[in-house]
Enquirer: 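Please find one structure pasted underneath; my questions will follow.
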Amino acid sequence: MDNTLYLKRKTMNSSTGSPTDMVSVPDETGRFGKFGGCYVPETLVDALHQLESAYHEAINDSQFQQQLDELLTRFVGRPSPLYYARRLSQKCGGAQIWFKREDLNHTGAHKINNTLGQALLTMRMGKSRIIAETGAGQHGVATATACAHFGIPCVVYMGAEDVRRQQPNVRNMKLMGAEVRPVETGSRTLRDAINEAMRDWMASVADTHYIIGSVVGPHPFPQIVRDFQSVIGREAIEQSQTDFGRLPDTVVACVGGGSNAAGMFYPFVGHTDVELVGVEAGGLGNTAGAHAASLSYGEPGVLHGSFSYVLQDEDGQTLPVHSASAGLDYPGVGPEHAFWKDTQRVRYVSCDDHAALDTFQIVAETEGILPALESSHAVSAAMKIAAEKSADDIVLVCLSGRGDKDAAEVARLIDEMKRNSH
Ligand SMILES: *Cc1c(COP(=O)(O)O)cnc(C)c1O
């Protein structure tokens, strides 16, 4: 399909119909309603302005569009198919469940859509070094992949605890020439890795670009990442028309920082008859520290340069988080999701570890697909929604990634649960 001019907001509105205020965000200060903005030390302000103007120049340059389109087609393998999960739908006994197969992308998830776009921007800005943070290692791998493709030196910050838990991704990053720097501060997980990447960036900003991995961080990151990921939703709209002659009734995606959900939802936002559902990590239950559901249980606050919902205590200190899926294990969420929650354009629910693990197994057995544990959260919610609908209804789920990385951990957790129940 024609990816040209994909990223131009004007073009997008006219092609998806019914433009609304929900579509023309953020404003020029990076606000989505009252959320978003740019809360950064002075040393980073110039770099963020430079990034913003490079981005606007790029999306108005047909050569940039062509280059990105070419990469998405020949390197990533886009468009990713829309797939009817027939046996899973039968099992639920309600609506048809369809998957948008981001798991089939090169590197196995949606993250590569963003890292290739931002790597191109890095070169346009004349910068020669890329840094990134990673939690589960998926964004780290996608960044290392883009850097290897272009021959750009790459440093990935990763919490020491995550380095231990995600060895295959650490190995793959190193094989592609990236340097992985374990972060020993704080909880030694994703939020500490972001802190450390920000610290590096403050000292290296003249020659270094920081590729953030989700729709979080200061303006213009939430907008740039959403726009690069929106290829998911735009393809889905076109494929829906081809495959079932109309738009789906409901679209579901999991929400960690919120990038696969934002990319899936954004092109649908103006289509107000399509119900949008975001699924957060319910972890082990709704007590503080046991989950990572920032929109469901958080309060507005500033984290990593942006105003959004944050899991925090009474003093505004960020709370610990938990999820069986490392990719959803983040105490904040992209500001556009906060905006969609408050304007009620998107409904946010959560799915706990147990349901996500069950769903992983069900999807494996009924469809022959190992979904990422993150994506299993979305499928679990979609199954509940589908069960209450009729066979004419269509529920479309973003299958954000493949589950090979989780298979060993899932098997271990299932054994553990079986043992505990005896
Ligand atoms: C990283 C990741 C997520 C969560 O990140 P978002 O920014 O919320 O999309 C979800 N699914 C997969 C497969 C991931 O790798």
Side-chain angles (χ1 to χ4, degrees), residues 80 99-115 118 132-143 145 156 158 162 166 168-169 172 189-190 193-194 211-217 221-222 224-226 228-233 252-266 278-281 292-295 304 306 308-309 321 323-338 340 346 348 350-351 356 359-360 363 369-381 397-407 409-410:
S80 68
F99 294 159
K100 176 65 174 157
R101 298 288 306 272
E102 292 300 296
D103 61 312
L104 294 178
N105 293 341
H106 178 44
T107 69
H110 66 290
K111 299 260 172 28
I112 189 96
N113 302 326
N114 168 47
T115 59
Q118 287 205 49
E133 87 293 342
T134 198
Q138 298 292 102
H139 175 58
V141 168
T143 304
T145 303
V156 178
M158 187 169 186
D162 292 331
Q166 311 288 335
N169 278 337
N172 291 353
T189 59
L190 177 60
I194 297 183
I211 301 191
I212 232 169
S214 190
V215 286
V216 300
F221 282 114
I224 291 178
V225 179
R226 175 202 69 194
F228 285 141
Q229 291 294 359
S230 288
V231 65
I232 304 172
V252 186
C254 66
V255 179
S259 68
N260 85 90
M264 185 69 165
F265 293 165
Y266 183 62
V279 188
E280 297 192 292
S294 324
L295 291 161
H304 296 136
S306 176
S308 184
Y309 281 84
V321 281
S323 169
S325 90
L328 301 182
D329 215 353
Y330 180 63
V333 66
E336 192 159 19
H337 287 287
W340 287 337
V346 180
Y348 294 91
S350 59
C351 161
T359 303
F360 183 105
V363 174
I369 295 170
L370 299 181
L373 256 184
E374 292 84 359
S375 321
S376 301
H377 286 71
V379 178
S380 172
V397 193
C398 185
L399 204 75
S400 54
R402 67 175 179 231
D404 306 52
K405 68 183 176 62
D406 299 313
E409 180 72 357
V410 167

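Every number for a ligand or one of its atoms is a count from 1 in the order of the listing.
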Enquirer: May I have the N/O to N/O pairs between ligand 1 and the protein that fall below 3.5 Å, each with atom names and distance to one decimal?
Expert:
unit_1, atom_1, unit_2, atom_2, d
ligand 1, 7 (O), Ser214, OG, 2.6
ligand 1, 7 (O), Gly258, N, 3.3
ligand 1, 7 (O), Ser259, N, 2.7
ligand 1, 7 (O), Ser259, OG, 2.7
ligand 1, 8 (O), Gly256, N, 2.7
ligand 1, 8 (O), Gly257, N, 3.2
ligand 1, 8 (O), Gly258, N, 2.7
ligand 1, 8 (O), Ser259, N, 3.4
ligand 1, 9 (O), His110, NE2, 3.0
ligand 1, 9 (O), Ser259, N, 3.4
ligand 1, 9 (O), Ser259, OG, 3.2
ligand 1, 9 (O), Asn260, N, 2.8
ligand 1, 9 (O), Asn260, ND2, 2.8
ligand 1, 11 (N), Ser400, OG, 2.7
ligand 1, 15 (O), Lys111, NZ, 2.7

Enquirer: Without swapping roles, check the side chain of Ser323 against the backbone of Ser325 for a donor-acceptor pair under 3.5 Å.
Expert: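 Such a contact is found between Ser323 side chain and Ser325 backbone.
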Enquirer: Can you list the residues that meet the side chain to side chain donor-acceptor pair (under 3.5 Å) rule with Asn114, with sequence neighbours excluded?
Expert: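 Side chain to side chain donor-acceptor pair (under 3.5 Å) list for Asn114, sorted by chain: Gln118.
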Enquirer: State, with a plain yes or no, whether a side-chain heavy atom of Leu370 is found less than 4.5 Å away from one of Arg402.
Expert: no
Enquirer: Does a donor on one side chain sit under 3.5 Å from an acceptor on the other, for Ser308 and His337?
Expert: no
Enquirer: Please check if any side-chain donor atom of Asn113 sits under 3.5 Å from a side-chain acceptor atom of Glu102, or the reverse.
Expert: yes
Enquirer: Just by distance, no angles: are the side chains of Ser375 and Ser400 close enough, under 3.5 Å, to form a donor-acceptor pair?
Expert: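 Yes.
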